[in-house]
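Below is one structure; the comments refer to it alone.
Each chain gets a letter, A, B and so on, in the order the sequences are listed, and its residues count up from 1.
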Amino acid sequence: MPELPEVETVARGLQKTVAGRRIVSVTLSKTDFIDDPSALETHVPGQSIERVERFGKFMLMRLRKEAAHQPTSSNAGGDSLLVHLGMTGHLSPHPVSEPSPKHTHVRFLLDDGRELRYTDARRFGRMAFLAAESLPAELNRFGADPLEISDAAFAALMQSRRSRIKALLLDQTALRGVGNIYADESLWRSRIHPMRIAATLSANEARALQKNLQAVLREAIALRGSSIIDFLDAGGEPGKYQRRHRAYGREGKPCYRCKRPICRVIVAGRSSYFCPNCQPRPRSRPRQGKRRKPVTAGRKRTS
DNA sequence: CTCGATCCCTGGACGC
DNA sequence: TGCGTCCAGGGATCGA
């Protein structure tokens, strides 16, 4: 499932193989995962792919109009194409002569005779053409990049939330790019239970989580991501990071630290793998309503 | 603010 | 061999 490292891998691959190419035409089949299919068909042909970047779990393809009088400042204010791979999305260039696999929903014909194809069996992905003026608002909906966030901002984020840490890590408006695998891996490394309330993490725990999250993401990028089901990079190659998983997908298998079996619980609607020994349950059950009586003195004024 | 439930969608795993 | 059922899971949405 493409998360930050997988998307980074694909984006780097596309940057090498299709940046600079002009899109000659666009062919759509299923379009229910595209924000505005006709805008895509209308505005993309004729533009060239200036750069391919990652933004959270999105691929951000910056376009440039070939027409002569466009602002030459290039990447500042062009249109762009946003692509989310969802669970099963693939985006890669192929010779047009090569038959398209099933579930190929978008084909961008390039000026060098290849085709950039988007295939996605489950169509959990998303594609959107964004005119220059609408890009900032779209990107602003998302939180900080976990690899770039400052220590202070990460600590402040943890302190400000009463949600369970696993849910917070998955919240794209808080941090962009973290998904189920890397959330679990970073919590395991940090010895933090997925149901801990974020604001109850100590300063040391928060710092450890930040560093471990960043380390996990960097290592995964170096190994070109995790291939669980069918992730493939832009060159059709699987990643290798799944071999390094210490928690994710290991229910019942021994913890790499203490040998006790890894457990699975559902948090934030997602399977969460953790070691019950190394990652102890929070003391009080999160959100149990009435615990103790309001006790005398101070009710904090909350609003 | 935060939660769980529900839906989207298809293919792979599993049981008989 | 074939069929039915369950499950995975990112994200949007809705009601609590």
Helix axis bend for the helix from B:dT2-C:dA16 to B:dC16-C:dG2 - C1'-based end axes, five pairs, 10° rounding: 40°
Sequence-distant partners of A:Ser100, side-chain hydrogen bond (donor to acceptor under 3.5 Å, both in side chains), two or more places apart: A:Arg117
With sequence neighbours excluded, residues passing side-chain hydrogen bond (donor to acceptor under 3.5 Å, both in side chains) with A:Arg246: none
Given DNA chain B, 5'-ward residue of the pair A:Ser163 and A:Arg123, judged by closest heavy atom: A:Ser163
Qualifying residues under side-chain contact (heavy atoms from CB on, under 4.5 Å), relative to A:Arg207, sequence neighbours excluded: A:Asn204, A:Lys211
With sequence neighbours excluded, residues passing ring-ring contact (aromatic ring centres under 6.0 Å, His included) with A:Phe108: none
Rounded to whole angstrom units, what separation is found between the [atom1] atom of [X] and the [atom2] atom of [N]?
X	N	atom1	atom2	result
A:Leu157	B:dC1	CG	P	13 Å
A:Asp171	B:dG4	CG	P	14 Å
A:Asp120	B:dG11	CG	C1'	12 Å
A:Ile266	B:dA5	CD1	P	10 Å
A:His90	B:dT10	NE2	C1'	12 Å

Spacing of A:Ile165 atom CD1 and A:Leu201 atom CG [to the nearest 0.5 Å]: 5.0 Å
Ring centres under 6.0 angstrom apart (A:Tyr118, A:Phe33): yes
Between A:Tyr182 and A:Tyr248, ring centroids under 6.0 Å: no
Just to confirm, is there a sub-4.0 Å distance from OP1 or OP2 of [N] to any side-chain nitrogen or oxygen of [X]?
X	N	value
A:Lys102	B:dG11	yes
A:His103	B:dC9	no
A:Arg161	B:dT2	yes

Aromatic ring pairing A:His105/A:His103, orientation class (parallel under 30°, perpendicular over 60°, tilted between): tilted
Chi angles and distances behind the side-chain hydrogen bond (donor to acceptor under 3.5 Å, both in side chains) call for A:Asp36, A:Ser38: CA-CA 6 Å; A:Asp36 182 348; A:Ser38 64; 3.1 Å; yes
Could you list, one pair per line, each protein nitrogen or oxygen that sits under 3.5 Å from a nitrogen or oxygen of nucleotides 9-11 of chain C, together with the distance?
unit_1, atom_1, unit_2, atom_2, d
C:dG9, OP1, A:Tyr248, OH, 2.4
C:dG9, OP2, A:Ser271, OG, 3.4
C:dG9, N2, A:Arg122, NH1, 3.0
C:dG10, OP2, A:Arg270, NE, 2.9
C:dG10, N7, A:Arg270, NE, 3.4
C:dG10, N7, A:Arg270, NH2, 2.2
C:dG11, OP1, A:His84, NE2, 2.8
C:dG11, OP2, A:Lys57, NZ, 3.2
C:dG11, N7, A:Arg270, NH2, 2.9

